[in-house]
Engineer: 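Let me begin by handing over the structure; questions about it come next.
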Amino acid sequence: MSYDYVYFKKEILALTSIDLDCYKEKQMKRRIDTLITKHKIEGYEKYVAKLKTDKNLFDEFVSYITINVSEFYRNPEQWKLIDEEVFPELIRKFGKNLKIWSAACSTGDEPYSLVMALSRYLPLNSIKIFATDLDKQIIAKAKVGIYNEKSIASVPDDLKKKYFTKVGPSYKIADEIKERVEFKEHNLLKDPYPKNYHLIVCRNVLIYFTEEAKDEVFCKFSRSLADGGVLFIGSTEQIINYKEIGYERKNSFFYQKS
């Protein structure tokens, strides 16, 4: 069975460019086994064969293994800090044309939150967020910009009123916010990273990676930041060797490039 999974990982890498070796094996294998059982498929080999011929099955697989749990203003106390301290400091340091990257952006909640938060300081037409994710289906959903009530629960009331319209039981984000975000497919473990960013936001994604893969990504983020730029990570994450990589720790979730 372990041999079968080794074969499976190799086939998935060739098929999707997703390197399953970079994810915690026990956790990922359990997710994949659940999916195989759901479709009553016998073993990894037959599942791979199906993935190669069935587009719906393939799309479901990519969506399922790329973790997509997101919400607007997730961990509001951290967003309060970004609002009151990080944004003003970055604007003082780099001016109004900030380069911001929302990495592994999932359904768009995070980059859209960044636009709304920045709109308190800057006119919308000067805000541009670069947002990337591995999963093209999730990017397509982000571009639609329709969310349930739970997803937008933490959005400050004034911004919720200003930028969301109720559509049935759901909420649609304003086009003027959507226009400020450029979405693109990107694999954190494989693709080249953009350069000279003032703020990179990547939250609650690397917890699924191995320690080696995490280190690699944090190093690449450091190289992507301009000197004095800031990396914003998730509430369950930390960079143990941040000094060696070239960061200063601003607080638990914000690291500044030295």
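Just so you know, these numbers use all the heavy atoms, side chains as well, and skip hydrogens, waters and symmetry mates.
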Engineer: Is there a side-chain contact between Y73 and I152 (heavy atoms, below 4.5 Å)?
Structural biologist: no
Engineer: Working to the nearest 0.5 angstrom, can you tell me the gap between D4 CG and E45 CD?
Structural biologist: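 Here the interatomic distance stands at 7.5 Å.
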Engineer: Do T210 side-chain atoms and A213 backbone N/O form a donor-acceptor pair below 3.5 Å?
Structural biologist: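 Yes, because the side chain of T210 sits within donor-acceptor range (under 3.5 Å) of the backbone of A213.
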Engineer: Do we see a donor-acceptor contact under 3.5 Å between the side chains of Y44 and D33?
Structural biologist: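 Present: a donor and an acceptor within the cut-off.
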Engineer: Any side-chain to backbone donor/acceptor pair from K257 onto A226? Under 3.5 Å, distance only.
Structural biologist: no
Engineer: Would a distance-only check, ignoring hydrogens and angles, find a side-chain to backbone donor-acceptor pair under 3.5 Å from W101 to A131?
Structural biologist: no
Engineer: Any side-chain donor paired with an acceptor under 3.5 Å for Q256 and R249?
Structural biologist: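 There is no such pair between these side chains.
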Engineer: Could you tell me whether the side chain of S258 and the main chain of G246 form a donor-acceptor pair under 3.5 Å?
Structural biologist: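 Pair found, side chain donor or acceptor close to backbone of G246.
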Engineer: Can you tell me if Y255 uses its side chain to pair, donor with acceptor, with the backbone of I233 under 3.5 Å?
Structural biologist: no
Engineer: Would you please indicate if the ring centroids of Y147 and Y171 are separated by under 6.0 Å?
Structural biologist: no
Engineer: For residues Y247 and F254, establish whether the separation of their ring centroids is below 6.0 Å.
Structural biologist: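 Y247 vs F254: aromatic centres not under 6.0 Å.
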Engineer: Main chain of L57, side chain of D54: is a donor-acceptor contact present, judged purely on distance under 3.5 Å?
Structural biologist: yes
Engineer: Within the 4.5 Å heavy-atom criterion, are L98 and L199 side-chain neighbours or not?
Structural biologist: no
Engineer: Check this for me: does any side-chain nitrogen of one of R74 and D109 sit under 4.0 Å from a carboxylate oxygen of the other?
Structural biologist: no
Engineer: I'd like to know if the side chain of H198 and the backbone of G228 have a donor-acceptor N/O pair within less than 3.5 Å.
Structural biologist: no
Engineer: Could you check whether any side-chain N or O of Y47 sits under 3.5 Å from a backbone N or O of L35, counting only pairs where one atom can act as donor and the other as acceptor?
Structural biologist: no
Engineer: Salt bridge check, D175 against K172: does any charged N sit closer than 4.0 Å to a carboxylate O?
Structural biologist: yes
